[in-house]
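The analysis underlying the following values was restricted to heavy atoms, covering all of them including side chains, and did not include hydrogens, waters or symmetry mates.
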Amino acid sequence: MTRPLQPMSVSSIWGDSSLVLDHYLEAFSRKPGAFPRSAPLEQAKKSGTFSVDHAEFLASASALYGENRGVGEMVGVLLLARRLPQTANTTGLRKAQEMRTFIADYVKIAARSSLVRGATLLKEVPIITSPEVDITRYDVLFEARS
């Protein structure tokens, strides 16, 4: 599946440019310490692409796991935007906050499950019962070994 390229817009002021956060995610996964103070993050916050939900997730993950792993989880969440719609990602972030589970894989599962229409909830799954197995016939095998 191909995705449209996000152009880097250049303003009319010489030396001033608009940086797209998505272009820097792989670098931030290798150098997480650069993420919190980066120009692309600041511009994403100003433009609204890095939402309050993202900021809360990052703060919670960093508090729980430390800055490096917290940023790593946040980068994982931001990478989901390449494959899933924004509404699904927002739903996944909010579900992660609600469940106090600050892991990118959980956000991905919650986001994808929000896309499934008519999903069967676990409480609606019928209980499967099977008849009891009579194991007395195997006693002969145990007696033969002793």
Inset, instruction - Looking only at non-hydrogen atoms, find the nearest pair between A104 and F57 and report the distance. - result: N-CZ, 4.4 Å
Inset, instruction - Calculate, to the nearest 0.5 Å, the distance between atoms CG and NZ belonging to L41 and K46 respectively. - result: 11.0 Å
Legend entry - Check: L21 and Q43 side chains under 4.5 Å, non-hydrogen atoms: no
Legend entry - Heavy-atom closest pair, residues F102 and Y65: O-CE1, 3.0 Å
Legend entry - Close side-chain approach of L78 and F28, heavy atoms under 4.5 Å: no
Legend entry - Residue R37 excluded, over 12 heavy atoms near CZ under 6.0 Å: yes
Legend entry - Validation row: P40, H23 side chains within 4.5 angstrom (heavy atoms): no
Inset, instruction - Could you tell me whether the side chain of H54 reaches within less than 4.5 Å of the side chain of L58, counting heavy atoms only? - result: no
Inset, instruction - Going by the side-chain contact (heavy atoms from CB on, under 4.5 Å) test, name the single residue among V77, L93, T91 that passes it with D53. - result: L93
Inset, instruction - State, to 0.1 Å, how close G92 and A110 come at their nearest heavy-atom pair, and which atoms those are. - result: CA-CB, 3.8 Å
Legend entry - Heavy-atom closest pair, residues P36 and E42: O-OE2, 4.1 Å
Legend entry - Minimum-distance pair of heavy atoms, taken over all atoms of L84 and A111: CD1-CB, 3.9 Å
Legend entry - Test: R69 and E73 ion pair at under 4.0 Å: yes
Legend entry - Separation of K108 NZ from L79 CG (nearest 0.5 Å): 10.0 Å
Inset, instruction - Determine whether V75 and Y24 make a side-chain contact, defined as any pair of heavy atoms from C-beta on separated by less than 4.5 Å. - result: no
Legend entry - Whether Q97 side chain and E56 backbone form a donor-acceptor pair below 3.5 Å: yes
Inset, instruction - Take atom CD of E26 as the centre, draw a 6.0 Å sphere, and report whether it contains more than 12 heavy atoms from other residues, nucleotides or ligands. - result: yes
Inset, instruction - First locate atom CG of L25, then atom CZ of R30, and finally report the distance between them rounded to the nearest 0.5 Å. - result: 11.0 Å
Inset, instruction - Using the rule that two of Ile, Leu, Val, Met, Phe, Trp, Tyr join whenever any of their side-chain heavy atoms come within less than 4.5 Å, decide whether V107 and I109 are in one cluster. - result: no
Legend entry - Between OG on residue S114 and NZ on residue K95, distance to nearest 0.5 Å: 11.0 Å
